[in-house]
Amino acid sequence: MTVPSAPQPRALGVLRAIAVFKLVKAAFVVATVFGLLHFYDPRVAAFLSRMAHDLPYAFEQKLVSEAIAFLSGISPRQIQLIAAAGFAYAGLFVVEGVGLWRGLHWAEILTVIATSSLVPVEVYEVHHRLTASRVLVLIGNLAIVGYLIWRMRREAAARRAELAAAEPRS
């Protein structure tokens, strides 16, 4: 009986693109969390206020000002809890990214589960407030899940065919 070989490097192209995407998301989440942890530093608050005031458009000024106001109402303990959740989420992205980069089957399964688990929330968000970025994120995540499911099914079918061909005929 033969053991199916590992995917060829050529077959890892799309997986590696998804891996890079996941690793970039992890870096973004970590940067956001560090910014959140430093929110109560008076220098950071002053910088954010100046930045909001210096933005060229009124809607941008309003958006940043509302974000600052929202964060000002959160206790330091709540920010620490949000930061811990953010670091855990970034850790998930890193695990997905490294596993996908290496072409590991379990990483494909993990990515399908983790990514598809948030699709209902994304659909709700798109329905609640339709924006181009929300639609693009939803489409991107659906494409990732769809591609990984297609890939896993194709590889499973190839393994079944290989095992069937290796069975002795009676």
Side-chain angles (χ1 to χ4, degrees), residues 12-149 151-152:
L12 296 179
V14 176
L15 283 184
R16 288 191 169 166
I18 297 169
V20 168
F21 175 68
K22 293 292 186 175
L23 293 170
V24 167
K25 283 174 64 172
F28 178 75
V29 170
V30 168
T32 302
V33 169
F34 277 126
L36 182 62
L37 287 173
H38 292 302
F39 180 74
Y40 282 106
D41 183 337
R43 295 173 296 187
V44 172
F47 169 76
L48 290 174
S49 294
R50 279 193 315 277
M51 184 186 80
H53 180 51
D54 293 342
L55 289 171
Y57 300 106
F59 75 91
E60 291 174 335
Q61 292 175 354
K62 182 180 180 203
L63 181 67
V64 172
S65 296
E66 286 177 359
I68 292 170
F70 172 76
L71 291 173
S72 297
I74 296 177
S75 73
R77 177 74 177 139
Q78 288 171 315
I79 286 181
Q80 290 172 344
L81 290 172
I82 293 169
F87 282 130
Y89 198 44
L92 173 64
F93 287 147
V94 169
V95 169
E96 288 175 327
V98 171
L100 290 172
W101 184 268
R102 296 184 61 210
L104 301 173
H105 183 68
W106 62 260
E108 294 175 43
I109 295 169
L110 176 64
T111 303
V112 166
I113 292 169
T115 304
S116 62
S117 69
L118 293 177
V119 166
V121 175
E122 293 169 357
V123 168
Y124 171 81
E125 289 294 326
V126 165
H127 178 72
H128 180 67
R129 193 169 132 233
L130 183 65
T131 64
S133 61
R134 288 180 181 186
V135 170
L136 288 174
V137 166
L138 177 60
I139 290 170
N141 283 336
L142 288 172
I144 288 170
V145 169
Y147 170 77
L148 291 174
I149 289 172
R151 179 184 166 92
M152 289 187 293

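What you are looking at is a predicted structure, and each value in this text was computed from that prediction instead of being measured.
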Could you walk me through whether F21 and I144 pass the side-chain contact (heavy atoms from CB on, under 4.5 Å) check?
-> CA-CA 10 Å; F21 175 68; I144 288 170; 3.8 Å; yes

Of all heavy-atom pairs linking E96 and A107, the shortest is O-CB, 4.2 Å

Answer whether the closest heavy-atom distance between the side chains of H127 and Y124 falls below 4.5 Å.
-> no

Test side chain to side chain contact (heavy atoms under 4.5 Å, CB included) applied to F28 - qualifying residues, sequence neighbours left out | T32

Criterion side-chain contact (heavy atoms from CB on, under 4.5 Å) on L110 and L92, from CA distance to verdict | CA-CA 9 Å; L110 176 64; L92 173 64; 4.0 Å; yes

Run the side-chain donor-acceptor check on residues 75-88: report pairs under 3.5 Å with partners two or more places apart or on a different chain.
unit_1	atom_1	unit_2	atom_2	d
S75	OG	Q78	N	3.1
S75	OG	Q78	OE1	3.3
Q78	OE1	S75	N	2.9

With sequence neighbours excluded, what pairs up with V145 under the side chain to side chain contact (heavy atoms under 4.5 Å, CB included) test?
-> V112, T115, S116, I149

Shortest non-hydrogen contact from A19 to G97?
-> CB-O, 3.1 Å

Anything under 30° is parallel, anything over 60° is perpendicular, the rest tilted; go ahead and classify Y89 against F93.
-> tilted

Can T111 and L100 be said to form a side-chain contact (heavy atoms from CB on, under 4.5 Å), step by step?
-> CA-CA 9 Å; T111 303; L100 290 172; 3.5 Å; yes

Value for CG (L23) from CH2 (W101), rounded to nearest 0.5 Å, stands at 8.5 Å

Heavy-atom closest pair (A90 atom, V30 atom, distance to 0.1 Å) is CB-CG2, 3.6 Å

When you check the gap from the basic side-chain N to the acidic O, do R129 and E125 get nearer than 4.0 Å?
-> no

I109 CD1 to L104 CG distance, which is reported to the nearest 0.5 Å | 11.0 Å

Might you work through the side-chain contact (heavy atoms from CB on, under 4.5 Å) test for L148 and L15, ending with a clear yes or no?
-> CA-CA 8 Å; L148 291 174; L15 283 184; 3.4 Å; yes

